[in-house]
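Input: a single structure, listed below in structure tokens.
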Amino acid sequence: MENLLNRTATHPPYLEALNPEQREAVFHTGNPLLILAGAGSGKTRVITTKIAYLIREKGVDPRSILAVTFTNRAAREMADRARLIDDRAAYTMLRTFHSFGAWFLRRNGSFAGLDSGFTIYDDEDMVSLLSLIMEKASKGEIKHIARSIARAKDYFLSPDDPHLSLIDYRKEFRRVYARYEERLAQIGNVDFGDLIKKPVEILRTQREVAGRFRDRFRVIMVDEYQDANIAQFELLKELCGPETYLCVVGDDDQSIYRFRGAEVRNILEFPDRFAGTDIIRLERNYRSIAPILNAASSVVNRNQGRLGKTLIAERGNGKKPVLAFLPNQDEEAVFCAKLIENSVHPPKGRGSEEGKKTGSRKTSYADWAVLYRTNAQSLGFETEFLRRHIPYRVVGSLKFYEREEIKDALALLSFLVNPKDEIAFRRVVNKPARGVGAATAGRIVENAAMDSQSMGNLSAAAQRLLPELSAKARSGLEAFLKAMESGRETLAPRSSKTSDGESGTETGGRAEEEKDTPKKPRRKSKKAAKTSPDQRDEGEKERETRKREGLNAGEGLSACVVRLIQNTGIAEYHLLHDEIAGNQRISNLQELANAASLYPATEAGLLEFLEHIELDRSLEYNPGGNSADLQDLVTLITLHNTKGLEFRRVIMTGIEQGVFPRDDKKGEELEEERRLFYVGATRAMDELYLCSSALRRLYGHTMPMQPSLFLYEIDKTGLRIIGTPPRGYITRESQSSRGGQKTEVPTGTWEIGNRIFHEDQGYGSVIEIRESAEGPVVQVRFDTGKELHFLGLRRNSRITKINACD
DNA sequence: TAATCGATCTTTTTT
DNA sequence: AGATCGATTA
């Protein structure tokens, strides 16, 4: 078949660019197709080309194509690239799994007792709801249960499922989960898991709905299939009828979301689940030079459970990856900064030579990415980069929306669209204090539940209860209700009974498409979650007073936001409540209002705004001036977030045992960490740097670190090693059987001559040891010449023994 | 009733 | 270091 395809006359240029395997994947029809696409093998190109090909060569209606991704970024990129080939691609439905689920439920949720005006609860809301159910439990327990419930939904397990104990074996789990579901149903909202689980349930029970969807989507494509969880697999199964063409793309070596319920099993067993599956492998890597690919592969090759594939480096040979041993995390940041500075502004004399090596291409900040395992690690790099004026952006899910004041404002908005939202109501009804305490709030909630008339409407219940309350509570509650009403007034009257009357008949079907397609209010609110400290100027003062008197209401929905946060007193509350950060909080609220201005001042617009916030919190901020023309930035990013991205030069940091991988990782979890390493390393096109520090501040203390297990799994001859390797690294064979072996420096015993590190004093040596009632006292002479005594066994000691490796 | 202090505990990844 | 919890205080 491949030969045949190759011989076929001339293809349009957009197809000419493909290699034979890619072309085969694009042309494939009929059976289900599994594309095993290694890192950098051009899978996005295949999917987007395939969409375009189906539309223009096969006459497929773009509206009958559904393409699902896992991240909003991937969805966006795919849409852009497909549209570039053929603008009709704009009419394909290209969404994340969760946004597709939300879209589905807005139209068909009534079959699950869901009103179209639902909002989506995030993890924090989940915890709030659970704490109402588990009154006596600690926050930790509640969080644990919340995780279990989320996981249960990932695995498509309901409270009555016999397999539930596989998720959480505790007896009460089933009961709590059931009550949680009940309560959530009463409120009329959904959590993340529901966005997948509920559509499956509806498709299974409503044959007519399932029929309509199968009718509509004749082609379904799934990107990053290795990240699909069981519930998502079930959703695909329900969407696929006998006529549906299903094509999934994935790479088992890049499965890094197991902790979130992703099942590699899905991809491994795909051919068994979908009869007659054809498999196409894309193994030509166009991104990285061979030495980088070798290093990445040699780590992931240690894994047991994988399909196994061999990537071919189409770009050929090049520079070996650099393995840098640094003394501590501050030096690590300095190392990165210098590396970047030197490449962007090469020291004179060496510049031309450097230029030859990397080709004539000029190096820019944007060529660089600094990768780390946990978000917290970004801080050190930010500090160092700020100091050196290295422009950077931080990519990650933004905590902006998790801030107290923002959550408060969102709760007000949520309560406006869904007056049954108990969580939102409880959050803001007594904020600021209005004399409506938890007891009164509880009464209102109960009353709303009892009374059949109000159908759980808390506003109505509150209104009704007013006469029975104490004078203080009454006036407070009245003020709250009035403030909510004032917010409602800013919204255009519900014109044509928006979308909630479509009980049943509505489908993913015909005419409502216009609003799903390209327009979408883009432009992100580029707000820094952290603000650079040196931002206070004189103009600030003036703005402050203006804010004190009233935030400026822009157009659209922002009027609603502003009205609510003013009239409820939430703005004032935060201003007065937090002496230090009050003003910051106000400007955060203003920022939220600005973001809202992009949406129409209608109930539908408000829903859209809320959904957008829940479903896409990815945001990046660059703390330097946010002048739009400053686009040449270094990228700071977690390993997880890099999937799908590529950079010319990548620095992977913190490759130490205990950080990456964490010490408690073993078995399947350790394999996932290896895959994470693989993902990170294969982002690099030209240059890869691996950093490992001897000391790291961790849990508030400076800890001695050992190189990551993964560094032992790479052949040393394939690396260029700089810095001082710890004892043992050079001599130890690269072997796989090193796992679990602990190599710590014992702190309990002290000898004269031991090298130590003190968090304030720096490095030093033990010069004397005495016994005391409280254990050994060590006398240390620091390299600065200073001498101090320490209790050698104190657990929270600020002094740390280190390997004398230099 | 709420704020505050100190002791104690837990440290990921994200739609 | 930061979050969280309990007890104590105003």
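Keep in mind the model is a prediction, meaning the values are calculated, not measured. Chain letters run A, B, ... following the sequence lines, proteins first and then strands; every chain starts at 1.
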Hey, are A:Glu234 and A:Lys237 close enough for a salt bridge, meaning a charged N less than 4.0 Å from a carboxylate O? yes
In this structure, how many angstroms lie between the C1' atom of B:dT12 and the NE2 atom of A:His144, rounded? 16 Å
Separation of B:dT15 atom C1' from A:Ile196 atom CD1, nearest Å, is 8 Å
Could you tell me whether A:Arg662 and A:Glu673 make a salt bridge, using a distance below 4.0 angstrom between a side-chain N and a carboxylate O? no
Which residue pairs pass the ring-ring contact (aromatic ring centres under 6.0 Å, His included) test when at least one of the two sits in residues 118-138 of chain A, sequence neighbours left out? none
Return the value, rounded to whole Å, for the distance between atom CZ of A:Arg147 and atom P of B:dT13. 12 Å
Can we call the ring centroids of A:His640 and A:Tyr372 under 6.0 Å apart? no
Would you mind reading off the distance between A:Leu698 atom CG and B:dT10 atom C1', rounded to a whole angstrom? 12 Å
Can you tell me if A:Phe259 is stacked onto the base of B:dT13, using a 5.5 Å centroid cut-off and an angle below 30°? yes
Work out how far the P atom of B:dT13 is from that of C:dT4, and round it to whole angstrom. 15 Å
Of the listed nucleotides B:dT14, B:dT15, B:dT11, the one nearest the side chain of A:Thr96: B:dT15
Within this structure, what is the CZ-to-C1' distance between A:Arg662 and B:dT11, rounded to whole angstrom? 7 Å
For C:dC5 and B:dT12, measure between their P atoms and round to the nearest Å. 16 Å
A:Arg151 CZ - B:dT14 P separation (whole Å): 14 Å
Across nucleotides 2-10 of chain C, 5' to 3', mark each nucleotide with B, S or - according to how protein heavy atoms within less than 4.0 Å reach it. --SS-----
Does B:dT15 have OP1 or OP2 sitting under 4.0 Å from an N or O in the side chain of A:Asn229? no
From the set B:dT14, B:dT12, B:dT15, return the single nucleotide nearest to any side-chain atom of A:Tyr257. B:dT14
At 4.0 Å (heavy atoms only), tell me whether A:Phe97 reaches a base, stays on the sugar-phosphate, or touches nothing. nothing
Should A:Asn375 be listed as having a side-chain N or O under 4.0 Å from OP1 or OP2 of B:dT13? yes
Nearest-nucleotide wise, let me know which of A:Asn72 and A:Glu673 is further upstream toward the 5' end of DNA chain B. A:Glu673
Contact class for A:Asp227 (heavy atom, under 4.0 Å): base, sugar-phosphate, or nothing? nothing
Is any side-chain N or O of A:Asn641 closer than 4.0 Å to OP1 or OP2 of B:dT14? yes
OP1 or OP2 of B:dT15 less than 4.0 angstrom from a side-chain nitrogen or oxygen of A:Ser99, does that happen here? no
Under the criterion salt bridge (Lys or Arg N to Asp or Glu O under 4.0 Å), which of A:Arg306, A:Lys643, A:Arg674, A:Arg675 is the partner of A:Asp253? A:Arg306
Under a 4.0 Å threshold between the charged nitrogen and the carboxylate oxygen, would A:Lys407 count as salt-bridged to A:Asp122? yes
Nucleotide B:dT13, atom P - distance to CG of A:Leu639 in whole Å: 11 Å
The answer to which of A:Asn430 and A:Ile256 contacts DNA chain B further toward the 5' end, by nearest nucleotide, is A:Asn430
Grab the CD-P distance between A:Gln226 and B:dT13 for me, whole Å please. 20 Å
NZ/NE/NH1/NH2 to OD/OE distance under 4.0 Å, A:Glu404 and A:Lys431: yes
Check ion pair A:Arg696-A:Glu332 (N to O, under 4.0 angstrom): yes
